[in-house]
Amino acid sequence: MRLRNNPDAMPFLEEQADLVFINPRDHLGKWHEVLGNNNPIAIEIGMGKGDFIIENARRNPDINYIGIEKYSTVLTIAVKKYLEMEALPNLRFMKEDAAVLGEVFAENEIDTVYLNFSDPWPKKRHSKRRLTYASFLDVYKNILKEKGHLIFKTDNRPFFEYSLVSMNNYGVCFHDVCLDLHHSEGYEDNVMTEYEKKFSPFGPIYRIDIDFGEMNG
């Protein structure tokens, strides 16, 4: 369920200029300079309330994390959650839409893209809005380094199957496909989103790990 719009959200986010990027296109190709180091950069597209990106930043201080959310009300919840914690210098937030990330990040600038429980857009006429549709894969391929990874999680079986087909048709290299993340060995370091914590007891979580460096097509 989408949260009711908070009219105070944007003014609040604008006050957090050292933490939140409102006009990220101004930094195209300069993200290592902006972040102040040459550490790898990982982004989460549609981060929701921030549990996943915050915990990853806490666990991995030598990786830069940027949580991306287009809805200011949701982004505000994540930022406020972060502000109640000990500061993490390797974490930033961004208000932006996935469709234009090619205008935000330069070619080969990102090491990892996370897509966690994205909107499945179940109606066929809305398939172009799915974040694993070919036009979005074009964006990820451009901004990711040659061996950079796209890691996708969902609990929606039709969306998972659609994404497998879309990625395969695109010609990606599959590193891993997991049909039941929480009941499979080798995923003990999995970081859960707030959605994942709530809904994983009701069915399997599917996971795909790909890169665009060795295209099959």
Side-chain angles (χ1 to χ4, degrees), residues 1-6 8-24 27 31-32 34-98 101 104-105 109-119 131 140 143-144 148-155 178 181-182 187-201 205-209:
M1 181 176 67
R2 185 170 297 173
L3 295 175
R4 180 177 299 176
N5 182 59
N6 176 2
D8 297 323
M10 275 305 298
F12 168 78
L13 294 173
E14 289 168 350
E15 292 174 357
Q16 314 300 321
D18 58 335
L19 184 62
V20 182
F21 300 105
I22 303 296
N23 299 301
H27 305 303
W31 286 102
H32 283 292
V34 170
L35 296 168
N37 58 62
N38 289 316
N39 291 339
I41 301 174
I43 64 174
E44 182 187 8
I45 300 173
M47 68 166 184
K49 298 177 183 178
D51 284 10
F52 177 87
I53 201 79
I54 292 171
E55 178 60 17
N56 269 288
R58 188 190 67 80
R59 293 188 187 186
N60 305 292
D62 294 330
I63 298 176
N64 296 307
Y65 289 91
I66 302 176
I68 301 172
E69 177 57 55
K70 67 179 179 179
Y71 296 112
S72 57
T73 297
V74 180
L75 178 54
T76 293
I77 293 172
V79 172
K80 287 184 176 180
K81 183 182 297 183
Y82 167 80
L83 291 174
E84 294 175 354
M85 304 170 52
E86 183 177 350
L88 297 168
N90 60 324
L91 177 60
R92 299 290 190 279
F93 300 95
M94 179 184 296
K95 185 182 184 302
E96 194 53 274
D97 191 292
L101 291 183
V104 173
F105 300 108
E109 197 166 21
I110 301 301
D111 294 84
T112 308
V113 171
Y114 292 102
L115 299 178
N116 292 318
F117 304 94
S118 309
D119 191 331
L131 293 187
Y140 312 144
I143 66 175
L144 278 166
H149 285 238
L150 168 64
I151 300 174
F152 164 89
K153 290 195 291 187
T154 185
D155 64 337
C178 182
L181 180 62
H182 291 188
Y187 302 96
E188 290 76 17
D189 61 347
N190 175 60
V191 176
M192 289 196 285
T193 72
E194 59 275 0
Y195 180 96
E196 189 173 356
K197 293 172 185 175
K198 183 176 181 179
F199 289 101
S200 59
I205 303 300
Y206 308 101
R207 182 183 185 272
I208 304 172
D209 181 352

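Any value given below was found using the heavy atoms of this structure, including those in side chains, with hydrogens, waters and symmetry copies removed.
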Are side-chain N/O atoms of Asn116 and Glu44 paired as donor and acceptor at under 3.5 Å? yes

SG-CG distance between Cys178 and Asp209, expressed to the nearest 0.5 angstrom: 11.0 Å

For residues Tyr140 and Ile45, determine if any side-chain heavy atom of one lies less than 4.5 Å from a side-chain heavy atom of the other. yes

State whether the side chain of Asn64 and the backbone N or O of Asn39 hold a donor-acceptor pair below 3.5 Å, judged by distance alone. yes

Which distance, rounded to the nearest 0.5 Å, do you find between the CG of Asp51 and the NZ of Lys81? 3.5 Å

Would you indicate whether the side-chain heavy atoms of Ile53 and Phe93 approach each other to under 4.5 Å? yes

Would a distance-only check, ignoring hydrogens and angles, find a side-chain to backbone donor-acceptor pair under 3.5 Å from Lys49 to Ala78? no

Shortest non-hydrogen contact from Pro40 to Asp111? CA-OD1, 3.2 Å

Using a 4.5 Å cut-off on heavy atoms from C-beta on, say whether the side chain of Ile66 contacts that of Phe105. yes

For a quick test of reading the model, state the closest non-hydrogen atom pair linking Val20 to Leu13 and the distance between them. CB-O, 4.1 Å

dist Asp155:CG -> Lys198:NZ (nearest 0.5 Å) comes out at 12.0 Å

Step by step, work out the salt bridge (Lys or Arg N to Asp or Glu O under 4.0 Å) result for Glu55 and Arg59. CA-CA 6 Å; Glu55 178 60 17; Arg59 293 188 187 186; 2.9 Å; yes

Would you check if Glu96 and Phe21 make a side-chain contact, meaning some heavy-atom pair closer than 4.5 Å? no

Interatomic distance, CG@Leu101 vs CE@Met94, rounded to 0.5 Å, equals 7.5 Å

Between Pro11 and Asp8 the two heavy atoms that sit nearest each other are CD-O, 3.4 Å

Distance from Ile77 atom CD1 to Phe12 atom CZ, nearest 0.5 Å? 11.0 Å

Tell me, do Tyr65 and Asn60 make a side-chain contact under 4.5 Å, heavy atoms counted? yes

Of the non-hydrogen atoms in Thr112 and Ile151, which two are nearest, and what is the gap between them? CG2-CD1, 4.3 Å

N/O donor-acceptor pair under 3.5 Å between Asn90 side chain and Ile63 backbone: yes

Within the side chain of Glu194, is there an N or O that forms a donor-acceptor pair under 3.5 Å with the backbone of Gly48? no

Nearest heavy-atom neighbours spanning Pro89 and Ala87: CD-O, 3.7 Å

Could you check if a side-chain atom of Leu181 sits within less than 4.5 angstrom of a side-chain atom of Glu196, using non-hydrogen atoms only? yes

Under a 4.5 Å cut-off applied to non-hydrogen side-chain atoms, are His182 and Met192 in contact? yes

Give me the one residue out of Phe52, Phe199, Tyr195 that meets ring pair (Phe, Tyr, Trp, His ring centres under 6.0 Å) with Phe117. Tyr195

Point-to-point distance, once rounded to the nearest 0.5 Å, from CG of Leu75 to NZ of Lys70: 13.5 Å

